[in-house]
Amino acid sequence: MNCERLLFRFEGSCEMAVEDKAQKLETMRHSASHVMAEAVKSIFPDAKFGIGPAIEDGFYYDFELPRPLAVEDLPSIEAKMAEIIAADQPFKREEINSKAAIKLFNGQPYKIELIKDLGEEQISIYTNGEFTDLCRGPHVKSTKEIKAFKLTSVAGAYWRGDEKRPMLQRIYGVAFDSRADLDAYLKKIEEAAKRDHRKLGKELDLFSLHEEAGPGLVYWHPKGATVRQLIEDFWKIEHRRRGYDIVYSPHIAKVHLWEISGHWNFYRENMYSPMEIDGIEYVVKPMNCPFHILMYKTQMRSYRNLPMRYAELGTVYRYERSGVLHGLARVRGFTQDDAHIFCRPDQIESEVKDVVELAQFMLKSFGFSEYEMMLSTRPEKYVGEVKEWDMATDALRNVLEKLKIQYKVDPGEGVFYGPKIDIKLKDALGRLWQGPTIQVDFQMPERFDVNYIGEDGQEHRTVMIHRTVLGSMERFFACLAEHYAGAFPAWLAPIQVVIIPIADRHGDYAEKLFKDLRSKDVRVQLDDRSERMNLKIREAQLNKIPYMLIVGDKEMESGAVSVRLRTGEDLGAQSFADFEKRVKAVVESRTLDQL
RNA sequence: GCCAGCGUAGCUCAGUGGUAGAGCAGCUGUUUCGUAAACAGCUGGUCGUCAGUUCGACUCUGACCGCUGGCUCCA
């Protein structure tokens, strides 16, 4: 047997083992949810049960209870669960017909609804101890196989995810194979909370939000604004290189414009209330598309000039419901890195491909390697013809397939005017946030009568591609801050270098260095306070400033600087010229992990 | 918007039915110091807002606003 085959077999079995282990964990987590339900039943005999699946890292169960739960209730439920686990109750599977099941679940309206919706003759039920549940399974053999768990939170959740149906109480828990795994997980969550962008925003003086001025409206402080400007500069250069034209458009427009686009009809609730100007109603823009269309339409466009790509860092306002606001990740006023590509139908695929590649390039440039690609298809409420939708969806799918990108399909999650590819970024706690999006649209061109003159001299309908490659500056910045825990790569760091004179007599030398670096566009700060060097280092460290230059008698004599990195590494003395070279190289290469 | 929790100095937090404290930050002074916090003094809050209960509320009740975790939503 040759090595290659051996290796292949080894990999194969390895993968299998991983899959197997994940499966076992999921089963155990699902069983844990039954155990929790049993515990809840013993405490609240009148509880009505919803559903209780396994989820990533754990499980939940939804209940209707006689009183609201608080986190304080969790320990007693956990204690009861521990008893059940210790009792080593076996899980028993039975198959019964649906009539018998409906009888069995008498007094459990949610279960009965589920049974009826299943519409099957035979259904399976699982029993452990005092608790019997409608369940497809599988489960562990007995409760003792649930090794380590913890209940984490209580929350409200609509029955079947429908806000018109009753809200049940959901208890979330996590479960692992061992105490050590559970502890490691809890530790990870604790660490992740420390890099929450809202916390970093305060600690590093990056941005603020103000209750008195309105929720969801962002104030970018100098340091946050610096990072944003650097991202925007990079974005602009990259767009020009790739054939985009940068444009600007107004912040308000007549309601009529959104009546044409269809947004008024579909999204009026999410737009800021109209204001009357000269007897005509205007709204603040919730998106930039109609503006770009108006610009496109100022001339006759030839097929020779397509595609045309209008890009704009466009600030938009959307009325988001109060409960969904979240730091910079979900706000009411935000700046999209928007662009609209006007092209011919035969150009769709290649344009989409370029956009996908641009998005990947942008994410990679900022150090994001973990993200999810989703293909969202035609929703229930849509405009246009199914034929066009299919064409647009195929174009998106083809690109994903050709680029060999792993993606998931989100059925019915497209925009009312077209299907889209979404890229979701992860925050510190592993929550996914919609980032870049690419939407193929035949509808806006139809509504706004957007055309080009073809080779045949006739008018043809232009196709639009709406896209962002970062998402919004706010959300992208939030994810970026969390990704680096506030220690931005040197090229993005709001302050790159801090100069720390040891005593006042080193001030002049320090100032000379400061002016020199500043004249070379290094973002440098001089810390000439009458404080001890130790304090200045500590503060620079807490501010995650990449380079600290310590200058005292030794350095002053030889025209040197002592370099300390924010990693804690002390590089010792080197010539100032060498240091400048080093910083220049690191910043210009936009390297992400080197100082 | 819905469910639950929370809201005390710039920040992190303690506290009680009888009109509030700590550390850090800030200010003033002393210190001039070699790789993560020098020392001393001082300033600072109508305890989220508005009502109600009470002789008296920051503390109890209600409404509202905001935040946190979920749910729903996210053009």
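Throughout, a chain's letter reflects where its sequence line sits, starting with A, and its residues are numbered from 1. Note that the structure is a prediction, hence the values are computed from the model and not measured.
Closest approach to the Ser530(A) side chain among U35(B), U32(B), G34(B) is made by U32(B) (side chain taken as heavy atoms from C-beta onward). Which of G34(B), C71(B), C73(B) sits closest to the side chain of Arg330(A) comes down to C73(B). When the nucleotides G34(B), G66(B), U72(B) are ranked by their closest atom to the side chain of Tyr158(A), U72(B) comes out on top. Listed candidates were A36(B), G69(B), A4(B). Nearest to the side chain of Arg198(A) is G69(B). Proximity note for Arg564(A) (side chain, C-beta onward) versus A75(B), G1(B), U35(B): the nearest is U35(B). Checking C73(B), A38(B), C65(B) against the side-chain heavy atoms of Glu531(A) singles out A38(B) as nearest. Proximity note for Arg505(A) (side chain, C-beta onward) versus A75(B), A37(B), U32(B): the nearest is U32(B). You'll find that the side chain of Arg532(A) is closest to A38(B), out of C65(B), A38(B), C71(B). Here C65(B) is the nucleotide among C65(B), A75(B), U35(B) with the atom lying nearest to any side-chain atom of Glu211(A).
Looking at which nucleotide of RNA chain B each of Arg431(A) and Val415(A) is closest to, the 5′-most match is held by Arg431(A). The residue among Phe416(A) and Gly327(A) whose nearest nucleotide of RNA chain B lies closer to the 5′ end is Gly327(A).
Rounded to the nearest Å, the gap between the P atom of A25(B) and that of G66(B) is 34 Å.
Residue contacts for Lys202(A): at a heavy-atom cut-off of 4.0 Å it reaches the sugar-phosphate backbone alone, with no base atom in range.
Put simply, His326(A) has no side-chain N or O that comes within less than 4.0 Å of OP1 or OP2 on C67(B).
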